[in-house]
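Notes follow the structure.
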Amino acid sequence: MKAPQSAPLLTWYDRHHRELPWRISPSAAKRGVKPDPYYIWMSEVMLQQTTVAAVKAYFAKFVARWPTVTDLAEAPSEDVMAAWAGLGYYARARNLKKCAEAVAFEHGGIFPDTEEGLRALPGIGDYTSAAVAAIAFNRPAAVMDGNVERVISRLYAIEAPLPGSKPQMKAKVAELTPIDRPGDFAQAMMDLGATICTPKRPACALCPFNDACLALATDEPERFPVKAAKKAKPVRLGAAFIAVDREGRLLLRKRVESGLLGGMTEVPTTDWTSRQDGETGTEAAPFPADWQAAGSISHVFTHFELRLSIFRVGPIDKPSGDHGFWVPVTELDGEALPTVMKKAIAAAIPTAFPTPKG
DNA sequence: CAGACGTGGAT
DNA sequence: TATCCAAGTCT
């Protein structure tokens, strides 16, 4: 078995790379076209734990609305959170804004061009600092994401389970990364993982590493990477309250800045508890009213499943006291509503979020 | 270090 | 339907 080399991978990448809105193709790079560090950073943050398909529309929306990092730094946080709504992992949006402010106001609008400099910015960790350094600035950084972990674990048939095996794998990546094209190498490894060295049914016959891959030679490639067992998701229960006033406005609140859905908009809800002792009632409604049951929704988060009983009331006179803010049901697009909250609203007001097909 | 932190698409 | 998972980061 010959030792793996970067050259066959780069040749494969020159021919089979994906075309992506933020990417400079290898042929354009050869003509001297440089990537925009702002685009590379933005795409890398959006792509954290998120599919390319989901990111494309958000990336287009963000760079059209905020063409430079300074534009983003000067934007109101509420606008950024509302634009991010639906993409998930909202700490990324909060850190995106903080990072833009740091670059614009502390670095003169210029991104740091080293791994260490990037790593010091909000929302930029081991992966993203290496990726931006390699892709935007052609620094010889060892870039390791989930794709690279899969490729490397198969290439070297690494039996130790993730995440403990990360340091061992990163050493292999560093050893393989070529000094002349580190950015293309990183993108090539990720494209390979996304299109050839896939989790299920990898297309080994088309792989530029198929003469060096220990997993292919000695075992079923799908067995790698070996991972630690995961835990079962608990169920949490609660109730959500949809109140509409006589002007067709819906009662909303802003969640606290930290934690789950931090800084996002919500409808009033009870606490979400693990309690299983029967029906959730309207005792914890934001104000006394003739609340009517309107079904229920279920939503799966990373570490628990949420089941919300939905109650609605209205049209009503606005109750006294401060319960949040009231927004016309026809203007919910401008709000930072995460998907779970849109589901809750749609359960009570089916026309709230019209889809192209209905 | 293990748990918190979203969502939608594929199988 | 259930499970996995997609270019991770922060605490």
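Numbered from 1 within each chain, the chains take letters A, B, ... in sequence-line order. Here the structure is a predicted model, which is why all the values come from computation and not from measurement.
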>> What's Thr128(A) touching, base or sugar-phosphate or nothing? Going by heavy atoms closer than 4.0 Å.
In response: sugar-phosphate
> How close or far is atom P of dG8(C) from atom CH2 of Trp41(A), stated in whole angstroms?
Replying inline: 17 Å
> With a 4.0 Å cut-off on heavy atoms, is Arg201(A) in touch with a base, just the backbone sugar-phosphate, or nothing at all?
Replying inline: nothing
> How many Å lie between CD on Glu305(A) and P on dT3(C), as a whole number?
Replying inline: 11 Å
>> Regarding Pro199(A), tell me which of base, sugar-phosphate or nothing describes its non-hydrogen contacts under 4.0 Å with the strands shown.
In response: sugar-phosphate
> List DNA chain B stems (3 or more consecutive Watson-Crick/G-U pairs, under 3.5 Å)?
Replying inline: B:2-5 with C:8-11, B:7-11 with C:2-6
>> Tell me the interatomic distance from Lys166(A), atom NZ, to dC1(B), atom P, rounded to whole angstroms.
In response: 11 Å
> In whole Å, what is the span from the CG atom of Leu47(A) to the P atom of dC5(C)?
Replying inline: 18 Å
> If the P atom of dT3(C) is compared with that of dG6(B), how far apart are they to the nearest Å?
Replying inline: 22 Å
> Rounded to whole angstrom units, what separation is found between the CE atom of Met144(A) and the P atom of dA6(C)?
Replying inline: 15 Å
> For Phe105(A), which fellow cluster members are found when Ile, Leu, Val, Met, Phe, Trp and Tyr are connected by side-chain heavy-atom distances below 4.5 angstrom, either directly or through intermediates?
Replying inline: none
> Which of these nucleotides, dA6(C), dC4(C), dG3(B), is closest to any side-chain atom of Lys230(A)?
Replying inline: dC4(C)
> Want to settle it: does Ile124(A) or Glu44(A) sit nearer the 5' end of DNA chain C, counting the closest nucleotide to each?
Replying inline: Glu44(A)
> Does Ile349(A) share a hydrophobic cluster with Leu332(A), counting links as ILVMFWY side-chain heavy atoms below 4.5 Å and allowing steps through other members?
Replying inline: yes
> Relative to each other, are the rings of Trp41(A) and Phe111(A) parallel, tilted or perpendicular (30° and 60° limits)?
Replying inline: tilted
> Pick from Arg18(A), Arg181(A), Arg23(A): which one makes a side-chain hydrogen bond (donor to acceptor under 3.5 Å, both in side chains) with Gln187(A)?
Replying inline: Arg23(A)
> In chain order, what residues pass the side chain to side chain contact (heavy atoms under 4.5 Å, CB included) check against Val33(A), with sequence neighbours excluded?
Replying inline: Ile24(A), Ala28(A), Arg31(A)
>> Would you call the rings of Trp291(A) and Phe287(A) parallel, tilted or perpendicular, taking 30° and 60° as the class edges?
In response: tilted
> Distance from Ser309(A) atom OG to Phe241(A) atom CZ, nearest 0.5 Å?
Replying inline: 8.5 Å
>> So, using salt bridge (Lys or Arg N to Asp or Glu O under 4.0 Å) as the criterion, who are the partners of Lys254(A) when residues are at least two apart?
In response: Glu257(A)
> For Ile110(A), does the CD1 atom have more than 12 heavy-atom neighbours from other residues, nucleotides or ligands under 6.0 Å away?
Replying inline: no
> Around atom CG of Asp180(A), are there more than 12 heavy atoms of other residues, nucleotides or ligands at under 6.0 Å?
Replying inline: yes
> Quick one: what's the B/S/- string for nucleotides 4-11 of chain B, heavy-atom cutoff under 4.0 Å, read 5' to 3'?
Replying inline: SBBBS---
> What interatomic distance, in whole Å, is found between P of dA6(C) and the corresponding atom of dC5(B)?
Replying inline: 23 Å
> Taking atom C1' of dT9(C) as reference, at what distance in whole Å does atom CG of Leu96(A) sit?
Replying inline: 13 Å
>> So if I take residues 171-189 of chain A and measure heavy-atom distances to DNA chain C, which residues fall below 4.0 Å?
In response: none
> Looking at Lys170(A), Arg154(A), Lys166(A), Lys172(A), which hits salt bridge (charged side-chain N to carboxylate O under 4.0 Å, His left out) with Glu149(A)?
Replying inline: Lys166(A)
> Ion pair present between Lys233(A) and Glu305(A), side-chain N to carboxylate O less than 4.0 angstrom?
Replying inline: no
> Taking CG from Leu162(A) and C1' from dC5(C), how many angstroms apart are they, rounded to a whole number?
Replying inline: 13 Å
> When we call it a touch if two heavy atoms are under 4.0 Å apart, what does Leu20(A) touch: a base, just sugar-phosphate, or nothing?
Replying inline: base
> Which nucleotide in the list dG3(B), dT9(C), dC5(C) gets nearest to the side chain of Lys231(A)?
Replying inline: dG3(B)
